[in-house]
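Here is the structure we will look at, set down as structure tokens.
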2 protein chains.
Amino acid sequence: MAKFDPSLDTLFTALAEPTRRDILARLARGPASVTELHAGHAMALPSFLDHVRKLEAAGLIATRKEGRRRICEMKGEALTPAVHWLEEQRGLWQGRLDRFDDYVLNLMKERDNGPRS
Amino acid sequence: MAKFDPSLDTLFTALAEPTRRDILARLARGPASVTELHAGHAMALPSFLDHVRKLEAAGLIATRKEGRRRICEMKGEALTPAVHWLEEQRGLWQGRLDRFDDYVLNLMKERDNGPRS
DNA sequence: GGATTACTTAGCTGCATGGCTAAGTTTGAT
DNA sequence: ATCAAACTTAGCCATGCAGCTAAGTAATCC
């Protein structure tokens, strides 16, 4: 369905950088050009552009050329595989804890009731 | 409150590796020793251990020595900062889309009603 | 048309990461 | 006491990543 879907590797790697997370956080509020995004970052523009490119490669943003400016905007859907994976692991983990709770609860009930036979 | 809380950098970096995600997914089902975790991974044990160590450094797992074995278990809470960050960005992004919807809806209503004055 | 803006390309550097082998060390089994 | 299992340490290597400067190109502005 999606044109391409970058791996969790690519996704998490893209999110592992403060600069890139900043960019994303800014774009969550709305589109911006590269120079606008760059403002406030103490970093040479080419280095900064690399980060933008990596976000694009990860499918987290899309960019288009408008005159001499490159406009970037966020693709929020791209986050879902990451969220899903996280929720899944958390679910399994919680499930285990709950089952452990049940187990302990049963032990306690057994003790209160005393041995039956 | 937490003993230490690793940065989002550390967290997302730890999640950016398939081997490490595998380990985590396995541990979500319950504790295991290093050798148990290692089984099925075509990789030398020392290399594998490095991954375990990185997960531990990220606070995603805890390990303790039991005799000659090292037992690992998942610390599911450690995932929450990552989940929170993701949800926050998604929220902002969705919010923007919704406001845009409202805007379009208003335009349409204006058109249907016709200009008032 | 010439200057300025906004990237873009190219090429370099230092350091971190992910992998390996070989050689310990500690603990458990016999 | 010896042997095997389960790590653990040490040291090496190739690649990738984040940063830089310098120089180029394309669109606007004056």
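Worth saying up front: this structure is predicted, and the values here are computed from it rather than measured. Order of the sequence lines fixes the chain letters, A, B, ..., with proteins taken first and strands second; residue numbering starts at 1 for each chain.
- The stretch residues 62-70 of chain A touches DNA chain C through A:Lys65, A:Arg68, A:Arg69, A:Arg70, each having a heavy atom within less than 4.0 Å of the strand.
- Residues passing the side-chain hydrogen bond (donor to acceptor under 3.5 Å, both in side chains) test with B:Arg20 are B:His51, sequence neighbours excluded.
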Under a 4.0 Å heavy-atom criterion, the protein footprint on nucleotides 13-20 of chain D, written with B, S and -, is ----SSSB
Donor-acceptor pairs under 3.5 angstrom involving side-chain atoms of residues 66-74 of chain A: please list them, not counting sequence neighbours.
| residue | atom | partner | partner atom | Å |
| --- | --- | --- | --- | --- |
| A:Glu66 | OE2 | A:Arg64 | NH1 | 2.4 |
| A:Arg69 | NH1 | A:Glu36 | OE2 | 3.2 |
| A:Arg70 | NH1 | A:Thr63 | OG1 | 2.8 |
| A:Glu73 | OE2 | A:Arg64 | NH2 | 3.1 |

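- Residue pairs satisfying the salt bridge (Lys or Arg N to Asp or Glu O under 4.0 Å) criterion with at least one member in residues 45-55 of chain B, sequence neighbours excluded, are absent.
- For the salt bridge (charged side-chain N to carboxylate O under 4.0 Å, His left out) test, residues two or more places apart in sequence or in another chain that qualify with A:Arg21 are B:Asp9.
- Here A:Thr13 pairs with nothing under the side-chain hydrogen bond (donor to acceptor under 3.5 Å, both in side chains) rule; sequence neighbours left out.
- In this structure, the side-chain contact (heavy atoms from CB on, under 4.5 Å) partners of B:His41, at least two apart in sequence or on a different chain, are B:Thr19, B:Asp22, B:His38, B:Phe48.
- Looking at residues two or more places apart in sequence or on another chain, you find a salt bridge (charged side-chain N to carboxylate O under 4.0 Å, His left out) between B:Arg90 and B:Glu87.
- For A:Ser47, the side-chain contact (heavy atoms from CB on, under 4.5 Å) partners are A:Met43, A:Ala44, not counting sequence neighbours.
- B:Ala62 is linked by a side-chain contact (heavy atoms from CB on, under 4.5 Å) to B:Lys75, counting only residues two or more places apart in sequence or in another chain.
- Taking the 5' to 3' direction, DNA chain C first and last meets chain B under 4.0 angstrom from a heavy atom at C:dT17 to C:dG28.
- For A:Ala78 against A:Pro81, the heavy-atom pair with the smallest separation is O-CD, 3.2 Å.
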